[in-house]
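Notes for the one structure printed next.
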Amino acid sequence: MRSKLTVVRQRTREALTLDLASPLGAGGEARIFGVPGSENLVAKIYHRPDPAQSRKLKAMVDDPPEDPGRASGRRSIAWPDDLLYSADEAGLFLGYVMPRAADARPLFACYNPAVRRQQFPFFDYRYLHRTGRNLASAVAALHAREYVVGDVNESNILVAESALVTLVDTDSFQVSGADGAVFRCPVGKPEFTPPELQGVRFSDVDRLPVHDRFGLAVLLYQLLMEGTHPFAGIYLGGGEPPPYGDRIRAGHFTGGSGNVPYRPMPAAPSQELLTPSIRALFVRCFEDGARNPATRPDARTWAAALRVAEDELVRCPSHPRHLYPGGLKACPWCARRDQLGGRDPFPGEADTTPPPRSRSARAQSRPRAEAMNAGKAGPGPLASGGVAARAAGGIGPSVQGAPVWQPPVYSAGPGPAPVPIHVPTNPWSWAALALAMLAVLAPATLAPIQNVLFTLGALCCGLVGLRAAPRFAGTGRWMAGIALSTCAVLATLMPAAFSLRRAHADVTLMEPGGGPVRALAAAPGRRALLVTTERAEDQRLVGGQLTLWDIASGRREQTLYENGGSIVSAAYSPDGRRIALATDEPMGGGDLILVDAGNRGGERILPGSHNRYTQIEWDRRSGQIISLSRGGDLSLWSPESVSLDRTHTLAGQTTGLAITL
């Protein structure tokens, strides 16, 4: 049996040697292999290559859709890049090359609460909205080129930690060739199939975008409703409960406004989790769309509505991981946690930290470290907001047989006789007491003489220990020596620790307010800091804000700029008169903007700068603006002519830049 296979790319004529012994994945139709020399591509080799497949894939390669995730560095659609043929004289069609969706999991892992706690523990309700927006944007891009997914289901959609999605198995999509031939999608799942196609043989019909809209809405409903299917419910009629296909055909949407022979599942979340506008779109799709498919909201409508709904989310005052529609009087996630017997759908840091256990328990079950996102805003490539990583202990139920941690029990009862309190009368005693109080209440006042005080204190403790040594039998002098040595060590180390505390106190802790801080920049020629934050109103993020803070006082001097998107980076010009900043949008891109540092008005957008940026800097020597995009483009801009000078494409993924003086 061969261990290697050499194939040739059709367009580039590049020969690739695939390791047949190490496939990345395998199925009934094909196997997936890594492409040598590329971490971002994979090769799909069919078990039984079909000439019709090669024609279909050639039509796809010749006319790819506009990928909304390309600017972020992660493709939203795993579209075929090139066809693969055998390297021998026969030159037979074997498969194709496509982007690799690394470090991603099926959509199911996002909306199933139990799986989400393990695989996406940092996801909150905002991340779920953002995932839905990204999914809708990818589907909208396909429909714009008249491609149809056909087999819309949760297994064909992968989600990364940044909430970016990737549609896979694109070779099963319905494709129309340039010659008018239609390559149909012959498969589909009943629970994602619209009512007009229930019971129909898919290989006999041409799918339409309006059919995809139904499956898309089902996935969005499951994302926002903890995995609950929109047609799931307890059957109130006689006989066996109808299957999903019959429920969908009858338009029995259990979350709608009509009377249906079902009641919601006992563990299903309340409809109040959905904003009124989102709820109305689901009714349009599942109720009105059952009678008139044209009334179903399209993918662009869903993307826009989810953006508005995400902006309307507010944070629970008692649980920072709970976000919900702002019109509610109480947090529905807190109520749902009680409904689920204390199992929180979005556990906070306190919920994921296990209580202390005995040594034997730790030996049986060691905690594991997991990377958890704290707020890539926002969602980072999440779209807005940076992502921070922190380590967390293992979470999950206790293992049967392991020692169970119990809180300590304290008892009260008769104790020893009270010790009489001696009030000092010696002036030196009062002085020592005053120094002790100053050390606790106003440590900065003792800073000039702290080394002397600690040394004298250590010597006094040592002398007291030596004087008291004769009162102890045998080990008394040893105890005094240990006390003297300990005090000598403290006399050496404590001043350094005290100095560190004083130095920390000299750093003013600023409270920018609003949302998370995105970027910082030093103001030239003064002790001031340029702070970029997410702007918040009524506990919800509404855009980006650029403010100037005085480092000495820790107070905000002025707000320099605000916008409706996110500001990911900002930098002062060498003369300190202008500020260049980069904005970011979730799936579209951002702009490079020049604003007046004196807040005297004036805003110029650099033409042609629409991209996904990670950082912006100002070269002090040339006076040019340097930008870095998520796709690895390093661009130089002229602020005077407001134009692009040149662009360099860097190899690999680049996340930061620095300017040498």
Side-chain donor/acceptor of [X] to backbone N/O of [Y], under 3.5 Å:
X: D103; Y: E161; value: no
X: D212; Y: V149; value: yes
X: R296; Y: G289; value: yes
X: T166; Y: L158; value: no
X: R321; Y: P347; value: yes

Q.
Is it the case that atom CD in E29 sees more than 12 heavy atoms from other parts of the structure closer than 6.0 Å?
A. yes
(Q) Tell me if the CZ atom of R300 is crowded by more than 12 foreign heavy atoms within 6.0 Å. (A) no
Within the structure provided, determine whether [X] and [Y] are in side-chain contact (heavy-atom separation under 4.5 Å).
X: Q119; Y: F108; value: no
X: C331; Y: H319; value: no
X: W333; Y: Y125; value: yes
X: V168; Y: M98; value: no
X: L306; Y: L224; value: yes
X: Q615; Y: S569; value: yes
X: L167; Y: L135; value: yes
X: W79; Y: L142; value: yes

Counting only pairs under 3.5 Å, give me each side-chain donor-acceptor contact of residues 269-277, with atom names and distances, residues two or more places apart or in other chains.
residue, atom, partner, partner atom, Å
S270, OG, E272, N, 3.2
Q271, NE2, Y221, OH, 2.6
T275, OG1, S277, OG, 3.3
T275, OG1, I278, N, 3.4

Listed by chain and number, what are the salt bridge (charged side-chain N to carboxylate O under 4.0 Å, His left out) partners of [X], not counting sequence neighbours?
X: D151; result: none
X: D67; result: R75
X: R213; result: none

Drop me the distance from [X]'s [atom1] to [Y]'s [atom2], to the nearest 0.5 angstrom.
X: T254; Y: F286; atom1: OG1; atom2: CZ; value: 9.5 Å
X: W549; Y: L520; atom1: CH2; atom2: CG; value: 11.5 Å
X: E312; Y: R307; atom1: CD; atom2: CZ; value: 13.0 Å
X: L313; Y: R126; atom1: CG; atom2: CZ; value: 8.5 Å
X: K44; Y: I32; atom1: NZ; atom2: CD1; value: 5.5 Å
X: I157; Y: T131; atom1: CD1; atom2: OG1; value: 10.5 Å

side-chain contact (heavy atoms from CB on, under 4.5 Å) against [X], all qualifying residues, sequence neighbours excluded:
X: S155; value: N153, K189
X: A141; value: P68, I77
X: P80; value: L57, M60, V61, Y96, T170

Got a sec, which residues hit side-chain hydrogen bond (donor to acceptor under 3.5 Å, both in side chains) with [X], two or more places apart in sequence or on another chain?
X: H129; result: none
X: E66; result: none
X: D298; result: T301
X: N40; result: none

Any idea which heavy atoms bring [X] and [Y] closest together, and the distance?
X: A163; Y: N134; result: O-ND2, 2.7 Å
X: A104; Y: R74; result: CB-NH2, 3.3 Å
X: P266; Y: I234; result: CD-CD1, 3.6 Å
X: W302; Y: A136; result: CB-CB, 4.1 Å
X: G215; Y: V152; result: C-CG1, 3.7 Å
X: A571; Y: E617; result: CB-CA, 4.0 Å

Q | Residue pair V283, F253: steps toward the side-chain contact (heavy atoms from CB on, under 4.5 Å) verdict | A | CA-CA 8 Å; V283 172; F253 173 39; 4.2 Å; yes
Q.
Does L323 form a side-chain contact (heavy atoms from CB on, under 4.5 Å) with R315? I'd like the steps, not just the answer.
A. CA-CA 5 Å; L323 290 93; R315 199 174 301 276; 3.7 Å; yes
Q. Is there a ring-ring contact (aromatic ring centres under 6.0 Å, His included) between F231 and Y262 once you walk through the steps?
A. CA-CA 9 Å; F231 291 85; Y262 303 91; 8.9 Å; no
Q | Residue pairs involving residues 224-234 (criterion side-chain hydrogen bond (donor to acceptor under 3.5 Å, both in side chains); sequence neighbours excluded) | A | R116-E226
Q: Using the side-chain contact (heavy atoms from CB on, under 4.5 Å) rule, take V42 and F33 through it: C-alpha gap first, then chi angles, then the decisive distance, then the call.
A: CA-CA 6 Å; V42 293; F33 299 94; over 6 Å; no
Q: Could you please spell out the steps behind the ring-ring contact (aromatic ring centres under 6.0 Å, His included) verdict for F123 and F346?
A: CA-CA 7 Å; F123 263 39; F346 302 107; 9.2 Å; no
Q: List the steps, then state whether side-chain contact (heavy atoms from CB on, under 4.5 Å) holds for C110 with L223.
A: CA-CA 7 Å; C110 292; L223 263 176; 4.1 Å; yes
Q) Looking just at side-chain N and O atoms, do D169 and S172 make a donor-acceptor pair shorter than 3.5 Å? A) no
**Q.** Test: R247 cationic atom under 6.0 Å from Y244 six-membered ring centre, within 45° of axis
**A.** yes
